[in-house]
Amino acid sequence: MSAPAFIDVEASGFGRGSYPIEIGFVDTEGGLFCTLVQPEQDWTHWDETAAALHGIERDLLTSHGKPAAWVARQLNARLAGQTVYCDGWAQDYPWIARLFDAAEDAPAFKLDDLRKLLSEEQAARWGGVVAQVREELSIGRHRASSDAKVLQIALQRVQS
């Protein structure tokens with residue numbers, strides 16, 4: 001049985017001026033995609049607290065990140081027509097919008113909040129199940145594709 005696709009965004013910070021630095025997703029069949037995002041010229045905000053969570057250095061983005069237009073094309077090609085879920089819609093939506101704005105493109109997929117997939121009872125157990133999956137997979141730092149995979153596995157467990 002396939003599970004919904006999940007996407008996760010790591011960002012330069014938490015508030016105004018922050019931008020996506022890594023985007024990863026897990027598709028409905030469990031396949032992973034992840035890429036670093038090269039900052040646009042006017043994307044200058046950098047928060048060391050956020051950097052401590054994801055462990056990505058700004059220099060790495062400049063040398064190994066992909067341009068926003070390339071990332072947007074990849075997301076659209078791989079996720080077109082799907083509803084893709086995230087656990088931080090209020091943060092992820094603006095970051096994805098910022099990416100697509102920079103690419104002068106629009107998402108070909110719908111981004112939605114995973115809470116819509118959970119009953120009250122499942123929502124009450126969600127945090128514990130996510131922590132258990134993270135521990136089992138030995139995931140320390142927050143990285144986009146591994147975080148998306150954790151969400152997908154946790155959803156399958158909490159719904160079984």
Side-chain angles (χ1 to χ4, degrees), residues 2-117 126 130 133-134 137-156:
S2 66
F6 282 89
I7 195 166
D8 189 67
V9 181
E10 299 302 331
S12 66
F14 303 109
R16 188 176 206 89
S18 63
Y19 52 88
I21 63 166
E22 183 181 57
I23 298 179
F25 67 82
V26 57
D27 65 25
T28 59
E29 301 303 319
L32 297 173
F33 172 84
C34 195
T35 185
L36 295 172
V37 180
Q38 189 176 72
E40 294 288 306
Q41 288 260 290
D42 62 339
W43 293 3
T44 58
H45 175 81
W46 192 258
D47 183 330
E48 290 300 330
T49 305
L53 283 176
H54 52 64
I56 300 169
E57 298 292 331
R58 187 169 164 81
D59 291 348
L60 186 64
L61 301 175
T62 305
S63 61
H64 290 84
K66 300 291 186 191
W70 183 90
V71 177
R73 281 193 308 273
Q74 291 298 310
L75 294 175
N76 278 345
R78 296 164 187 254
L79 300 172
Q82 298 181 51
T83 298
V84 184
Y85 294 90
C86 62
D87 68 342
W89 189 89
Q91 294 86 27
D92 292 342
Y93 183 86
W95 291 325
I96 289 174
R98 190 156 192 197
L99 174 86
F100 277 90
D101 285 348
E104 297 181 352
D105 203 351
F109 57 93
K110 178 185 176 192
L111 184 67
D112 213 339
D113 192 330
L114 81 82
R115 289 177 194 92
K116 291 184 177 180
L117 302 173
W126 179 252
V130 168
V133 172
R134 284 187 79 76
L137 297 179
S138 300
I139 296 173
R141 282 194 287 198
H142 288 273
R143 294 300 294 264
S145 60
S146 56
D147 284 357
K149 186 69 175 172
V150 166
L151 297 175
Q152 189 180 61
I153 293 168
L155 179 70
Q156 290 171 316

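Being a predicted model, the structure only gives us computed values, none of them experimental. Basis for what follows: all heavy atoms, side chains included, without hydrogens, waters or symmetry-related copies.
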Exercise for review: If a pair satisfies ring pair (Phe, Tyr, Trp, His ring centres under 6.0 Å) and one of its residues is in residues 23-42, list it, with sequence neighbours excluded.
Suggested key: F25-F33

Check your understanding: Do the side chains of L151 and V133 get nearer than 4.5 Å, heavy atoms only?
Key -> no

Exercise for review: Applying side-chain contact (heavy atoms from CB on, under 4.5 Å), run through C86 and L111 and close with a yes or a no.
Suggested key: CA-CA 7 Å; C86 62; L111 184 67; 3.8 Å; yes

Check your understanding: Between N76 and A106, is there a donor-acceptor pair closer than 3.5 Å when you use the side chain of the first and the backbone of the second?
Key -> yes

Check your understanding: Counting only heavy atoms not in F109, do more than 12 fall under 6.0 Å of its CZ?
Key -> yes

**Study point:** Sole candidate of I21, L61, V37 that passes side chain to side chain contact (heavy atoms under 4.5 Å, CB included) when paired with S12
**Key:** I21

Review point. Within a strict 4.5 Å, meaning less than it, do heavy atoms of the L137 and I153 side chains meet?
Key: yes

Study note, to complete from the structure: Of all heavy-atom pairs linking Q41 and T44, the shortest is O-CG2, 3.9 Å

Study note, to complete from the structure: In terms of heavy-atom contacts, A68 and E40 come closest through CB-OE2, 3.6 Å

Practice item. First locate atom CD of E48, then atom CZ of R58, and finally report the distance between them rounded to the nearest 0.5 Å. Key: 11.0 Å

**Study point:** R115: side chain to side chain donor-acceptor pair (under 3.5 Å) partners, not counting sequence neighbours
**Key:** D113

**Study point:** Side chains of L32 and K149 in contact at under 4.5 Å (non-hydrogen atoms)
**Key:** yes

Check your understanding: How about T28 and Q82: do any of their side-chain heavy atoms sit closer than 4.5 Å?
Key -> yes

Exercise for review: Test side-chain contact (heavy atoms from CB on, under 4.5 Å) on D8 and V26 and set out the steps.
Suggested key: CA-CA 9 Å; D8 189 67; V26 57; over 6 Å; no

Practice item. Measure the shortest side-chain to side-chain distance between I7 and L75 over non-hydrogen atoms and say whether it is less than 4.5 angstrom. Key: yes

Review point. How far does OG of S18 sit from CZ of R98, to the nearest 0.5 angstrom?
Key: 7.0 Å

Check your understanding: Do side-chain atoms of E104 reach the backbone of A69 as a donor and acceptor pair under 3.5 angstrom?
Key -> no

Point to revise | Whether E22 side chain and A144 backbone form a donor-acceptor pair below 3.5 Å | key: yes

Check your understanding: Distance-only, no hydrogens or angles: does the H45 side chain make a donor-acceptor pair with backbone N or O of Y19 under 3.5 Å?
Key -> no

Check your understanding: Between R73 and D105, is there a donor-acceptor pair closer than 3.5 Å when you use the side chain of the first and the backbone of the second?
Key -> no

Review point. How close do G30 and Q152 get, heavy atom to heavy atom, and via which atoms?
Key: CA-OE1, 3.9 Å

**Study point:** Charged N-O contact under 4.0 Å between D147 and R134
**Key:** yes

Check your understanding: Taking atom OG of S145 and atom CD of E10, what is their separation to the nearest 0.5 Å?
Key -> 9.5 Å

Study note, to complete from the structure: CG of L155 to CZ of F6, rounded to nearest 0.5 Å, is 4.5 Å

Revision key, fill the gap. When every non-hydrogen atom of I56 is compared with those of W46, the smallest separation belongs to O-CZ2, 3.3 Å

Check your understanding: Any idea which heavy atoms bring Y85 and P4 closest together, and the distance?
Key -> CD1-CB, 3.7 Å

Check your understanding: CD1/I23 to CG/D92 distance, rounded to the nearest 0.5 angstrom?
Key -> 9.0 Å

Review point. When you measure from the side chain of R143 to the backbone N and O of G55, does any donor-acceptor pair fall under 3.5 Å?
Key: no

Study note, to complete from the structure: Smallest heavy-atom separation, D27 atom then E29 atom, equals OD1-N, 2.9 Å

